Amino acid sequence: MKARSRSSRHRAGTSLLALGALAAGGGWGARDPGPVLRRYYAPLARVERRAAPAFGAGVERWKLITARGDTVRALWRAARPGLPRPWTAVMMGGLQTGDRAALLLPPEAPFHVLAVDWPWPGSRTLTPTEFALQLPAIERAALRSPSVLALAAEAVARAPGVDPARIVLVGASLGVPPALAALRLTAVPDALVLVDGAADLELLMRLGLERHGWLHAPATVTAALAYQAAWPLEPALNARAASGLPVLLMNSVRDERTPRSAVLELHACLPRATVRWRGDPHLHPSQGDVISRLAGDADAWLRARDPGRAAGPEPRAAPSGPR
């Protein structure tokens, strides 16, 4: 009975994402994500920081507060002392990982990290009844996720000890669509790293529903309808926001969650990106050795582009507000 209960809650969690998008409504007309995404953005007003020694040396809890009172939770971990001009990674991972993604990187990771939590304060696994009662909040959380990353990038750019010309935006797995969409709201990042990402959200939603027990026909219909609200997060529509940035795409040839066609569609949207393939399954928090290797590869890629930034695009000024 317990196994059945867990399976039911997992299916409800996937339904939460798809039906939450459907509840948002959404246009069948022009596909310009900018106006929709900007509705969920407000300028950063202040940052509250406090030490979190229980998580290790150099770890802090951050609260980002916007001009209209919205808050964003994040976890900061400073690079080890003595590193010359470390990069700062602003990252969003999976729904269950949240801001603790900062703790998944090895202590010797060669950069500062600020990992943001998904802007959903409730339970990450809901029963169907709980889900139905919270539809409006679920909608707002999904479409607010790019602004959360944008605010985090702007917060670290103001932080003491951070080089504002060395900020990299990182999206992993479910965090890939918000990471690309965030570039419509801020010009702070100097590079972009996407891990185990893909385009074609409608296909990904259908496969996610089927993976959690939905039959093909209802999963297809639900995903198609849900996409009519989730489309502002579609990577294929937001890829051009990364124009001029160095981009690193890291994917697995053994990804059991993401079809190769969707991965290659993302790659086609970012034709100037550096592409790195590996042989491990889809990234998971338990894969400490894989995470450590990916962190090292990303740092080497960033530093290879570094000398005077002569080979890369010119640093872009931080905006006063969203683009």
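What you are looking at is a predicted structure, and each value in this text was computed from that prediction instead of being measured.
The nearest pair of heavy atoms linking Ala159 to Trp62 is CB-CH2, 4.0 Å. Residues Ala298 and Leu248 share a closest heavy-atom pair of CA-CD2, 4.0 Å. The two residues His112 and Ala78 have their closest heavy-atom pair at ND1-CA, 3.5 Å. Minimum heavy-atom separation, Pro106 to Ser292: CG-OG, 3.7 Å.
When each of Arg278, Arg276, Arg257 is tested with Asp196 by the rule salt bridge (charged side-chain N to carboxylate O under 4.0 Å, His left out), just one qualifies, namely Arg278. Results of the side-chain contact (heavy atoms from CB on, under 4.5 Å) test with Leu104 over Val113, Ile291, Leu283 single out Ile291 as the only residue that passes. A side-chain contact (heavy atoms from CB on, under 4.5 Å) with Val168 holds for exactly one of Val193, Asp190, Thr88; it is Val193.
By the 4.0 Å N-to-carboxylate-O rule, Asp117 lies too far from Lys63 to be salt-bridged with it. A salt bridge between Asp163 and Arg85 is present, with a side-chain N of the basic residue lying under 4.0 Å from a carboxylate O of the acidic one. With respect to the salt-bridge test (charged N to carboxylate O, under 4.0 angstrom), the residues Asp280 and Arg293 qualify. Salt-bridge formation is not detected for the pair Glu256/Arg254: no Lys NZ or Arg NE/NH1/NH2 atom is positioned less than 4.0 Å from an Asp or Glu carboxylate oxygen.
By the 4.5 Å heavy-atom criterion applied to side chains, Pro232 and Leu143 are counted as neighbours. A 4.5 Å side-chain heavy-atom check between Leu185 and Tyr40 finds every atom pair outside the cut-off. The shortest side-chain heavy-atom distance between Met250 and Val170 does not fall under the 4.5 Å cut-off.
Residue pairs meeting the ring-ring contact (aromatic ring centres under 6.0 Å, His included) criterion with at least one member in residues 255-280, sequence neighbours excluded, are His267-Trp277.
In terms of the salt bridge (Lys or Arg N to Asp or Glu O under 4.0 Å) criterion, Arg80 has no residue partners (sequence neighbours excluded).
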